Amino acid sequence: MSVPQRRTDIGPPHYEQFLPPIIKKNYGNWSYYQQLAPGVMVHVAESGDKIYSVRVGSPRLLATDTIREICSIADKYCDGYLRFTSRNNIEFLVTDESKLNPLQDELKSKGYAIGGIGYRVSNPVHTQGWVHCHSACTDASGLVKSIMDELFPYFCEKELPNKVRLAVACCVNMCGAVHCSDIAVVAVHTKVPQVDAEAFKNMCELPTTIASCPTGAISPDPATKSVKIKAEKCMYCGNCFTVCPAIPIKDAERDGVAIVVGGKVGNLRSNPKFSKMVIPYISNEPPRWPKAIAAIKLILETYAKDARKFERVGEWIERIGWERFFQLTGIEFTYQHIDDFTFARETFRTAATFKW
Amino acid sequence: MSVPQRRTDIGPPHYEQFLPPIIKKNYGNWSYYQQLAPGVMVHVAESGDKIYSVRVGSPRLLATDTIREICSIADKYCDGYLRFTSRNNIEFLVTDESKLNPLQDELKSKGYAIGGIGYRVSNPVHTQGWVHCHSACTDASGLVKSIMDELFPYFCEKELPNKVRLAVACCVNMCGAVHCSDIAVVAVHTKVPQVDAEAFKNMCELPTTIASCPTGAISPDPATKSVKIKAEKCMYCGNCFTVCPAIPIKDAERDGVAIVVGGKVGNLRSNPKFSKMVIPYISNEPPRWPKAIAAIKLILETYAKDARKFERVGEWIERIGWERFFQLTGIEFTYQHIDDFTFARETFRTAATFKW
Amino acid sequence: MPKMYDTPLLDELEKGPWPSFVKEIKKCAAKNDMAADELGLLEKSYKTKIGYWKHGGIVGVRGYGGGVIGRYCSIPEEFPGVAHFHTVRINQPSAWFYTTDALRTICDIWDKYGSGLTNFHGSTGDMILLGTRTEALEDIFAELSSRGWDLGGSGSAMRTPSCCVGPARCEWANIDTLELCYQLTQEFQDELHRPAWPYKFKIKIAGCACDCVAAIARADCSIIGTWKGDIKINQDEVRNYVKNGFDIQKWVIDMCPTECMSWDGSTLTIDNANCNRCMHCISKMTKALKPGDEKGATICIGSKAPIVVGALLSWVIVPFIKVEKPYDEIKDLVRKMTEWWDENGKPRERIGEVIERVGMRSFLEYIGVPPQPQQVKEPRRDPFWFFTEEDIEKIKAKEAEEKKTGVYKF
Amino acid sequence: MPKMYDTPLLDELEKGPWPSFVKEIKKCAAKNDMAADELGLLEKSYKTKIGYWKHGGIVGVRGYGGGVIGRYCSIPEEFPGVAHFHTVRINQPSAWFYTTDALRTICDIWDKYGSGLTNFHGSTGDMILLGTRTEALEDIFAELSSRGWDLGGSGSAMRTPSCCVGPARCEWANIDTLELCYQLTQEFQDELHRPAWPYKFKIKIAGCACDCVAAIARADCSIIGTWKGDIKINQDEVRNYVKNGFDIQKWVIDMCPTECMSWDGSTLTIDNANCNRCMHCISKMTKALKPGDEKGATICIGSKAPIVVGALLSWVIVPFIKVEKPYDEIKDLVRKMTEWWDENGKPRERIGEVIERVGMRSFLEYIGVPPQPQQVKEPRRDPFWFFTEEDIEKIKAKEAEEKKTGVYKF
Ligand code: SRM
Ligand code: SRM
Ligand code: SRM
Ligand code: SRM
Ligand code: SF4
Ligand code: SF4
Ligand code: SF4
Ligand code: SF4
Ligand code: SF4
Ligand code: SF4
Ligand code: SF4
Ligand code: SF4
């Protein structure tokens, strides 16, 4: 089969061709929505038209065959229309109400996880990990799978005070949304990288490498015509490795994960917030990272029990205070929790008011 | 008269010798206080004993003769005991209730200003100014006098939602408490200092001078053996002048004052807060700085009208939002209000929520 | 027949109720050599707790500088199937709507040239085709583009814009997120495909302050729908909520961040001048409350991940802008913003970092937006700021004027 | 007869109800040459809008490095009376209590040797005697010290500590601010009089969170009284307040920052575990509420004015410390803190700035205080932090232990 003629700079197809007719008709004229089940909602238009969405969890990493299977289901119940959400879930768009139950039945029978709508845990935003990225200090897919197996009831059934947004980033580049998530995992190095002086000469530029270090830990090493790293200044960010492959930082025993909590991106009630670090290091324990998963569950369930309705994790913690958060969860407070980098000044407590 | 024998490192006299007997007796055993008038309060001890304090405004800069006058009044009504407050007011300490009214009568007849207790404007914390400091860009005493003449009713009579703490600093060293005051004046330079290359050689050190500049505006000038200043990097902090007198920064037409608001130091309700700049520049207009005084009055009265009971200025503004503050006061928002120094990142708005 | 690896560790991850990515890899591994070696390699990583990928080399398609992430295995002798394992980023359609036909087309192409593995979607928004060889890239591109698909962004370029479902299925959309996303993507095709900037530049568009695409946290340019005018209240529906057990006082009135709502037992009142349009009340009482009538967007700039001096959330730059076809004002603004950044930025410096380093004033002056209190949480606190000579002249002129009129203009 | 200057501008400042500093200067100017020239010089500054003082030279008294601020006029030809115009800082007694006798003694000495002008008080807390000549300093010091007074601090030294009125006249004092202030001042006499540190170091002591000496904003070491245990409620007095029109709901319950109070119409309840001891309720209902029983202090470190990278408020270092005679624990702590600062600080670097630059850990380890959540508003946000090898070893050991016990210790 001959390859067809290429075209350039055409951009993506116009979305209109992918919209179900009922959406085209009621575009911009929706009136309200209602959640019918943990994974089912209906949007009602001003016109009275209704569209049902059935949301299904996805591992995100999909085989083409799985996509084809999803497509046949969508053909059967959704006139061939479907979408993905900003958290990588699949949404089956149903116009014909009578198809709603059969669709769910078929999905269930095929092992799909229906849920994630409303005040639940949804699909964690995540990244490549050992599956594909050279920068990874852990595997994102395995962590996500392990987390969601453990928190499964909170996806497809149990309600929480509000949405809980999880994320996993496999290095501090944070291609996920870890920096503003309710609860998230970020993988970290904890060992000073080693300079391969020979390789350095061939692969790296001196000024760029030195400039890459945010703490000024790197200086020229005239003896080896490469660079040296002042160990006590290095906080293992890996930025030197990003610009210079001759400074490997990965370390099987020392790479691990940290847990951060309390971020959000929406503007409801309180401003978008950054996540804050609560557990600085847990060793990588593939295939299931049991300690990391236990930590997440602990935090989630403490939140579920203690937060007020509609409070996000960060809002709950800010109301009760971080000192109370550490008390309620029993998580140890260490030197690592105290900022000694960019935001130190903003995070030190400047008031005599706190709780015992 | 021969000079007596000096002693060293004796420290201050022990305070106990200056305490009225009733205070010694009830030391640490006070039960409650009550405000009886804008400048009069009583403290009641567990024992039932009472001590009355009559507070009188002070220009802080006192002639010895005035101190002697105060002393004779204290002898007459207070058994020779008095104190000064942390805001430089004078407190007459009265044990005998029957002396309370005569004391006040005498104070009034001698022109003393009784007031400042409770939810009022108290004596502004202030500094030396042209009276004594080489660093001054304005005169603090004149500003304070002009402010307090204008706000006098708020010292000795009218109530406000809470205390309003004023301060005046005559340069950005801020020897006053400007950085955490409800409403304050800080004097600023607005012109790049000029280097006197000749004087530099005799009086200044090159590395110290260069290091003194927080924005890195100063570099060596080999031609003149002194330094040069990159004008567009200079924000007129005067720190170079502090370490090197050969870089004069004072300028009669360009020195002036800025108004800052919203700071506080107590922990009640909300954390201690820094003041924020609301008017970046008003020309020096001795002897009465009418525009600066009008600005302060405008802010104070907007607060008085709009704040809730017990809200401090900063708490009021944070509740209504800074955008509303600028609207209510009609103060212009300029490029100068937007931080471009240390805290820029913390002050930019990171939420889609604000008021129109 | 692809090689079969023993994967005891990964097999663990086939268990449990959440859909398993291992099953996905195995599906492909059963018929594709690349996928098979990917499986084996991943098992090895699980065993040794370390990854085996090298820094990406520069690979791509003719005339484009991005859209493909070059990836090579560091132990190709052991896993030749993933010696090359590049990913292809395909620009997704607005809000990730598809027809099954369209998806099948992509699957077919991918099965033909790649591993069969995909990410639906990457966290910037692209469809990610995971794993192919350099030689296949031109063909893949020809197949895709001839069928109407184009590559997404990578490298120091405009990145693939994305948007929330917006007016397509959401009652709160203040702007047409899908069309705006499409138009901006088209407008910046050159910038998207040919990296020429200091670093990456991302655009995300949300229809309201719920921000369902995390625009404010994950896009250099965050466009967020909003409104002016009063929130529309259907009092009957309000009473219905209350009748049905909704604790309006506790859940709405007391949670309103601006304290601008009140409920007297039968009527809900909103002091709209003080509402900051946070969406809490509207989202919790969707039948009773609707956004106001004058629609537009807030444009915020600068968010990014933490490398290396700390994560940023986007900063409000344009508090309100009309969002109307053909979106010229927004296109111009994005162009001016990126121009300023390109002129002032150092390599690997995101726009937010440049604004922080060079100063907001320079940026605002260049793009022609005046300073406004909405841009800051609070004014600066320390007594250091810059004046131009003209600033001072203006102030002095104003003061002279005030002397004449006797009226101060602060 | 001192020279008489024409002072039309300053005369303006004799008008108005607030006490006039110009009148004060004139009182002295009438009989003192220095004061007369100070008046003339100040009038000149008012006319020309500029000051006429030079950088201070180093002047002082034998054996002391501080306590006197040298000041010279830049136009001594014109104003010879203020050619020298040094100020003498006298260490005030705790909480600024005086007898009239003591004050008169000081006035007499000052009239004899100085301008007669004073500041009651300087903003660090000292009595300031404003304006004398170098030759007079030794005599002034001998006169003062022989009568029990000593100089305050200046230069790169411990500065004169100060404190609020506390137990002397305030029902909320949790600690004996006056005695602690006295004891610390005595303890650090050498450091106070002989500048040997990188920069100044100030101590301020407040009896409670009202912080009536602005300790948290204006002292490198801020000691603030507080308590553990329940707030004591006198319910009868509570009801009295309400009866007298005090809106307890609006003014106390709703303003409590931790939302830990409730009022059912007859009884006030406080969830003390959640109270952060802000003092709002106690200060507004002084007869009804009293601090809890276990008294102590919070020690915060670092506040300072904005020069040059921004003002600091003090940071909580020791959340709770007992404050009991002879205060050895506090003295030791202050000594350790200043030692660490002295070892790590560069010239003109305040302790807060050094902590920020070198890191809180080094400081806490040196002074022997463990990390505690009370020290921070929130934990760090960005994913960068340091470990020592021992930190990691400890974690690994803990994990090994957990493997054995099956119980996680987070
Ligand atoms: C489908 C999706 C948009 C899309 O274009 O794909 C979407 C759709 C809706 N969102 Fe969202 N949100 C979606 C991602 C988000 C995100 C982004 C993210 O998680 O990365 C956020 C910001 C989260 C944050 O703040 O960190 C988000 C914050 C919200 C909120 C705010 C919740 C809060 O109170 O903080 C609402 C309002 C609510 O649920 O009451 C909301 C409400 C809704 C509504 C009810 C809007 C409507 O009337 O249609 C939609 C269904 C709700 C649901 O899933 O519970 N949506 N929503 C996204 C589904 C992701 C998923 O599969 O789980
Ligand atoms: C005398 C003095 C202490 C001293 O050792 O000299 C003092 C004495 C009292 N203060 Fe104060 N405060 C004194 C400076 C301060 C300061 C420091 C300052 O202004 O620089 C503050 C912190 C201000 C800030 O937060 O910026 C201060 C914040 C308070 C507060 C908190 C007010 C609030 O709600 O924010 C109270 C409680 C109250 O008034 O309800 C208070 C209460 C009191 C009480 C009622 C305490 C008591 O029961 O005796 C005293 C009389 C109150 C009054 O003057 O209204 N005092 N008070 C100071 C008088 C200064 C003056 O002459 O005006
Ligand atoms: C594929 C993807 C993760 C995923 O699994 O979804 C990804 C993968 C990589 N990202 Fe990313 N980033 C991806 C979304 C993000 C996001 C999230 C977003 O766009 O919403 C972020 C955080 C937001 C931001 O832009 O700051 C992100 C922040 C980074 C950074 C840090 C940039 C910074 O300024 O801090 C790097 C480092 C770099 O650029 O050198 C990076 C670099 C990388 C590289 C190119 C690392 C490298 O040099 O090889 C990764 C290639 C992995 C691979 O093997 O395919 N990636 N990256 C995402 C793109 C898919 C897509 O196009 O849809
Ligand atoms: C006298 C006094 C102002 C007053 O009128 O009350 C004062 C006066 C001076 N201060 Fe101050 N400071 C005075 C309290 C303060 C305070 C307030 C406080 O202590 O509560 C501060 C802010 C808090 C702080 O310490 O940061 C203060 C922050 C400064 C600074 C900035 C220090 C910094 O780290 O940012 C300088 C600049 C310097 O040290 O070079 C400074 C420098 C000066 C000098 C020595 C300027 C100089 O180099 O000549 C001033 C001498 C003026 C003079 O002619 O007498 N003064 N200075 C105060 C001391 C009186 C006393 O001992 O009681
Ligand atoms: S977070 Fe790091 S390891 Fe993970 S995909 Fe992004 S760059 Fe790669
Ligand atoms: S890992 Fe980061 S901190 Fe360490 S040397 Fe490299 S760039 Fe510097
Ligand atoms: S604020 Fe500046 S000018 Fe005023 S006394 Fe302090 S150092 Fe001198
Ligand atoms: S005034 Fe300040 S910013 Fe300007 S040159 Fe001097 S030290 Fe630098
Ligand atoms: S951001 Fe707003 S408009 Fe867009 S999907 Fe979410 S709720 Fe709807
Ligand atoms: S949108 Fe937010 S601020 Fe506005 S009324 Fe509703 S809850 Fe209050
Ligand atoms: S700080 Fe507290 S103890 Fe000291 S005077 Fe003020 S209210 Fe009283
Ligand atoms: S002291 Fe403050 S936090 Fe504690 S109960 Fe009173 S108002 Fe609430």
Side-chain angles (χ1 to χ4, degrees), chain B residues 172 174 178-179 186 188 190 214 232 234-237 254 258 260 262 274-283 291 294-295 298 317-327 329-356, chain C residues 206 208-209 211 216 222 224-226 228 257-259 273-279 297-298 300 302-303 310 312-316 319-320 355-356 358-362 364-365 370-388 391-392 395-396 399 402 408-410:
Chain B
V172 295
M174 281 201 187
V178 163
H179 63 298
V186 54
V188 291
T190 66
E232 64 281 18
C234 172
M235 36 68 158
Y236 339 109
C237 71
R254 290 288 290 270
V260 302
F274 291 111
S275 320
K276 281 83 186 184
M277 185 271 275
V278 292
I279 302 182
Y281 182 77
I282 299 174
S283 297
K291 185 169 181 181
L298 167 71
I317 298 176
E318 284 178 9
R319 176 173 57 79
I320 66 171
W322 282 94
E323 61 276 30
R324 180 71 71 242
F325 169 85
F326 282 97
Q327 216 173 50
T329 55
I331 294 171
E332 191 190 2
F333 188 88
T334 67
Y335 287 119
Q336 281 76 31
H337 289 92
I338 305 179
D339 201 345
D340 44 19
F341 193 47
T342 323
F343 301 104
R345 192 182 272 222
E346 294 305 313
T347 60
F348 294 162
R349 194 185 298 262
T350 55
T353 42
F354 45 77
K355 301 176 187 182
W356 299 123
Chain C
C208 77
D211 198 355
I216 207 160
S222 321
I224 300 173
T226 194
K228 291 187 170 179
T258 60
E259 305 178 32
N274 279 314
C275 162
N276 69 13
R277 297 151 289 109
C278 81
M279 285 299 295
T298 299
C300 307
S303 65
L312 296 179
L313 282 156
S314 285
W315 305 317
V316 174
F320 191 79
I355 295 176
E356 199 181 10
V358 176
M360 186 62 89
R361 179 173 189 161
S362 160
L364 291 180
E365 285 187 332
Q372 296 157 70
Q374 283 78 6
Q375 292 156 343
V376 299
K377 286 193 205 110
E378 55 187 42
R380 70 190 316 144
R381 62 179 90 147
D382 288 316
F384 312 124
W385 49 82
F386 298 90
F387 288 105
T388 63
D391 290 340
I392 292 282
I395 294 174
K396 295 277 180 187
E399 288 184 349
E402 288 165 351
Y408 292 115
K409 289 200 171 143
F410 292 106

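All values reported here derive from a predicted model rather than from experimental measurement. Letters A, B, ... are given to chains in the order of the sequence lines, protein chains preceding strands, and every chain is numbered from 1.
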Using non-hydrogen atoms only, which part of [X] is less than 4.5 Å away from chain C: side chain, backbone, both, or neither?
X       : result
Y335(B) : both
V260(B) : neither
S275(B) : backbone
I317(B) : neither
R324(B) : side chain
E232(B) : backbone
F341(B) : both
Y281(B) : both
T334(B) : backbone

Do the ring planes of W315(C) and F348(B) sit parallel (below 30°), tilted (30 to 60°) or perpendicular (above 60°)?
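If you compare the ring of W315(C) with that of F348(B), the planes turn out perpendicular.
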
Is it the side chain or the backbone of [X] that comes within 4.5 Å of chain B heavy atoms, both, or neither?
X       : value
S314(C) : backbone
D382(C) : side chain
Q372(C) : backbone
E402(C) : side chain
D391(C) : side chain
K396(C) : side chain
Y408(C) : side chain
A273(C) : both

Smallest separation among heavy atoms of [X] and [Y], with atom names:
X       : Y       : value
R277(C) : K355(B) : NH2-N, 4.2 Å
R349(B) : E323(B) : NH2-OE1, 3.0 Å
S303(C) : I216(C) : CB-O, 3.1 Å
V172(B) : V188(B) : CG1-CG1, 4.2 Å

Can a cation-pi geometry be assigned to R381(C) and F343(B), taking NZ or CZ under 6.0 Å from the six-membered ring centre and within 45° of the ring axis?
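Yes.
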
With no hydrogens and no angle check, do the side chains of T347(B) and E378(C) hold a donor and an acceptor under 3.5 Å apart?
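There is no such pair between these side chains.
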
Counting heavy-atom pairs closer than 4.5 Å to chain C, which one of A258(B), G262(B), A295(B), G321(B) comes out on top?
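Of the candidates given, the most pairs with chain C belong to A295(B).
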
So which residue, Q336(B), Q327(B), E346(B), ends up with the most heavy-atom pairs under 4.5 Å with chain C?
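Most heavy-atom pairs under 4.5 Å with chain C: Q336(B).
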
Ring centroid separation for W356(B) and F320(C), is it under 6.0 angstrom?
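Yes: the rings meet the under 6.0 Å criterion.
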
With salt bridge (Lys or Arg N to Asp or Glu O under 4.0 Å) as the criterion, how do R380(C) and D340(B) come out once you've worked through the C-alpha distance, each side chain's angles and the decisive distance to 0.1 Å?
CA-CA 8 Å; R380(C) 70 190 316 144; D340(B) 44 19; 2.9 Å; yes

Neighbour count >12 (heavy atoms, 6.0 Å) for atom NZ, K228(C)
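Yes, enclosed.
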
Distance check, rounded to the nearest 0.5 Å: F326(B) atom CZ versus Q374(C) atom CD?
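With rounding to 0.5 Å, CZ (F326(B)) is 10.5 Å from CD (Q374(C)).
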
